[in-house]
Amino acid sequence: MNTPQKRSQIFQLLKREKVNIVFLQETHFRHRHVPSLAGRGYSMWYHSTYTSAARGVSIGLSSAIPFTLVEELTDSQGRYVFLKGRIGDRLVTLANLYAPNRDQVGWILKTLDKLTLFMEGLLILGRDLNLTMDTTKDTTSRTRSVPQKQIRKLQLALLGMGLSDVWRIINPETRDFTFYSQSHHTYQRLDYLYLPNYALTMVKRATIGNITVSDHAPVSIEVKFREISFKSPYWRLNETLLDNEIHRQEIAQVVSNFFNINDNQEVTDSILWEAHKVVVRGELINLGSRLKKRQQKLDALLQKFLCWRNCIRGHEMRPSRPACRGCSHR
């Protein structure tokens with residue numbers, strides 16, 4: 001993006017797609033040599049630059065977005081930029097990451113720790129991870145560039161933060177890619193957008209575009225922003241779930257399985273603990289949902305029985321009375 005021609009192509013794409021919040025990686029802007037990007041429909045830009053024409057990440061906001069900056073955090077290596085601010089009256093955190101092509105997981109985990117301390121409100125996270133999270137779906141290569149144990153550590157960290165890969169949630173079985181490696185002749189999905197789990201219901205679509213302007217395909221999501229509840233729904237344990245011995249055994253088995261698989265000294269105790277809480281909470285929610293559906297079926301059967309009994313009694317008292325139409329008792 002450090003040439004006028006490339007910038008013009010990018011702005012044409014942004015205008016055509018009506019993008020409101022922009023995450024750019026590999027901008028190649030150098031310290032104190034950032035061209036002016038305002039005046040093209042995007043009045044606010046925030047950058048992390050490097051000493052040479054390499055790396056670089058930027059976040060841009062459309063002039064139509066009523067954004068007020070509260071705090072900004074960038075690094076000197078051109079790898080990330082974090083913004084905390086308000087869109088209207090909503091507190092949000094925008095984070096853009098560009099991972100190195102070596103020790104990706106170690107760098108990402110350290111950066112996520114910084115982000116956890118910085119962020120408030122709704123988090124929107126965009127990243128070029130320089131790795132694939134799932135070799136069965138996210139690449140045409142069957143070899144792993146990063147060991148599965150390292151990927152698992154990263155997945156646990158994201159789980160602990162309550163974040164989900166939006167494109168994969170919307171397209172659970174689709175194989176699509178954002179990068180083509182000329183040297184290895186393989187396609188890979190390296191670029192991701194993450195949202196908190198509570199905001200996923202507000203996503204209207206998630207798409208991967210074509211590789212045209214750069215060597216990466218753009219990833220975009222459309223969110224019903226005004227309809228998002230910016231506080232995670234308050235969850236409270238239904239203690240009656242634990243009154244049943246079978247339920248207690250099920251939960252105990254879930255906890256035991258989780259720690260047997262993941263307590264391998266490869267993730268910090270804090271990440272392990274937060275991830276375990278997410279898993280247990282999900283299991284309890286699932287259990288409560290199953291019991292609720294079962295109770296609803298029992299209630300429906302009881303209503304049918306009571307209706308049937310009333311029909312029989314009414315018919316016995318008045319044999320000429322028409323058959324009951326309020327229930328099915330055949």
Side-chain angles (χ1 to χ4, degrees), residues 1-11 13-14 19 21-38 40 42 44-61 69 71-84 93-119 123-133 138 145-146 150 154 157-158 177-184 186 188-194 208-209 211-220:
M1 196 173 173
N2 57 353
T3 66
Q5 294 81 6
K6 179 62 69 68
R7 291 195 291 273
S8 177
Q9 290 175 333
I10 290 175
F11 278 112
L13 174 64
L14 297 177
V19 178
I21 301 175
V22 186
F23 295 99
L24 297 176
Q25 295 95 20
E26 293 189 82
T27 57
H28 297 172
F29 295 153
R30 292 181 295 168
H31 294 334
R32 297 185 297 276
H33 290 84
V34 179
S36 175
L37 302 179
R40 307 192 191 199
Y42 296 85
M44 292 169 283
W45 285 93
Y46 305 88
H47 311 280
S48 174
T49 59
Y50 191 48
T51 55
S52 64
R55 308 178 188 176
V57 293
S58 300
I59 296 178
L61 293 106
L69 181 67
E71 187 177 356
E72 177 182 2
L73 178 65
T74 62
D75 75 327
S76 60
Q77 303 298 309
R79 292 290 184 188
Y80 66 79
V81 55
F82 303 157
L83 304 179
K84 187 189 304 179
T93 297
L94 308 177
N96 190 11
L97 280 62
Y98 173 47
N101 54 20
R102 293 183 180 180
D103 190 28
Q104 298 97 315
V105 173
W107 181 89
I108 294 169
L109 292 177
K110 290 178 182 178
T111 307
L112 289 180
D113 285 341
K114 296 176 184 177
L115 177 59
T116 300
L117 296 174
F118 177 88
M119 70 183 198
L123 172 64
I124 304 176
L125 172 61
R127 340 191 273 185
D128 176 352
L129 295 185
N130 261 319
L131 58 79
T132 54
M133 298 292 286
D138 293 337
S145 58
V146 177
Q150 294 289 308
L154 180 54
L158 294 168
F177 313 101
T178 64
F179 179 73
Y180 176 71
S181 172
Q182 296 283 356
S183 58
H184 298 96
T186 59
Q188 300 169 297
R189 188 167 74 95
L190 305 178
D191 305 272
Y192 303 81
L193 285 168
Y194 286 85
I208 293 176
I211 300 176
T212 54
V213 177
S214 74
D215 57 353
H216 286 249
V219 182
S220 63

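Just so it is clear, the structure is predicted and the values come from calculations on it, not from any experiment.
Closest non-hydrogen pair, V22 versus V19, comes out as CG2-CG1, 3.8 Å. Heavy-atom minimum distance, T132 versus D138: CG2-O, 3.5 Å. Across all non-hydrogen atoms, the minimal contact from L83 to F118 is C-CE2, 3.8 Å. Annotation for V146 and L131: closest pair CG2-CB, 4.1 Å, computed over non-hydrogen atoms. Minimum heavy-atom separation, R30 to V34: O-CG2, 3.9 Å. Nearest heavy-atom pair across A217 and I208 is CB-CG2, 3.9 Å.
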- Message: For a side-chain contact (heavy atoms from CB on, under 4.5 Å) check, start with the C-alpha distance between L97 and V57, then their side-chain angles and the critical distance, and finish with the verdict.
- Response: CA-CA 7 Å; L97 280 62; V57 293; over 6 Å; no

- Message: Does K84 form a side-chain contact (heavy atoms from CB on, under 4.5 Å) with L94? I'd like the steps, not just the answer.
- Response: CA-CA 6 Å; K84 187 189 304 179; L94 308 177; over 6 Å; no

- Let me see the working for T178 and I211 under side-chain contact (heavy atoms from CB on, under 4.5 Å), right down to the final yes or no. CA-CA 7 Å; T178 64; I211 300 176; over 6 Å; no

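Using a 4.5 Å heavy-atom threshold, the side chains of L193 and F23 count as touching. Side-chain contact between D215 and Y180 is absent, with no heavy-atom pair separated by less than 4.5 Å. Looking only at side-chain heavy atoms (C-beta outward), L14 and I10 come within less than 4.5 Å of each other. Between L112 and L154, the closest side-chain pair of non-hydrogen atoms falls below 4.5 Å. For the pair L115/T111, no side-chain contact is recorded, criterion being any heavy-atom separation below 4.5 Å from C-beta on. The shortest side-chain heavy-atom distance between T74 and Y46 does not fall under the 4.5 Å cut-off. Between E26 and Y98, some side-chain heavy-atom pair lies under the 4.5 Å cut-off. Residues R79 and W107 are in side-chain contact: their nearest non-hydrogen atoms beyond the backbone lie under 4.5 Å apart.
Going from atom OG of S52 over to atom NE2 of H33 covers 12.5 Å, rounded to the nearest 0.5 Å. Atom-to-atom distance recorded for I59:CD1 and Y80:OH is 12.5 Å, nearest 0.5 angstrom. For the atom pair CG of N101 and CG of L190, the computed distance is 11.0 Å after rounding to the nearest 0.5 Å. In this structure, the separation between OG on S58 and CD on Q25 is 9.5 Å, given to the nearest 0.5 Å.
A cation-pi arrangement is absent between K114 and F82, since the terminal nitrogen or guanidinium carbon is not both under 6.0 Å from the aromatic centre and inside a 45° cone about the axis. Cation-pi geometry between R189 and F177 is not met at under 6.0 angstrom from the ring centre and within 45 degrees of the axis.
Ring planes of F11 and W45: perpendicular class, angle over 60° (limits at 30 and 60°).
At least one donor-acceptor pair under 3.5 Å links the side chain of Y192 to the backbone N or O of M133. The backbone N or O of Q77 lies less than 3.5 Å from a partner atom in the side chain of R55, making a donor-acceptor pair.
Each of N96, D75, T27 was checked for a side chain to side chain donor-acceptor pair (under 3.5 Å) with S48, and the lone residue meeting it is D75. Results of the side-chain contact (heavy atoms from CB on, under 4.5 Å) test with I108 over L158, L129, D103, N130 single out L129 as the only residue that passes.
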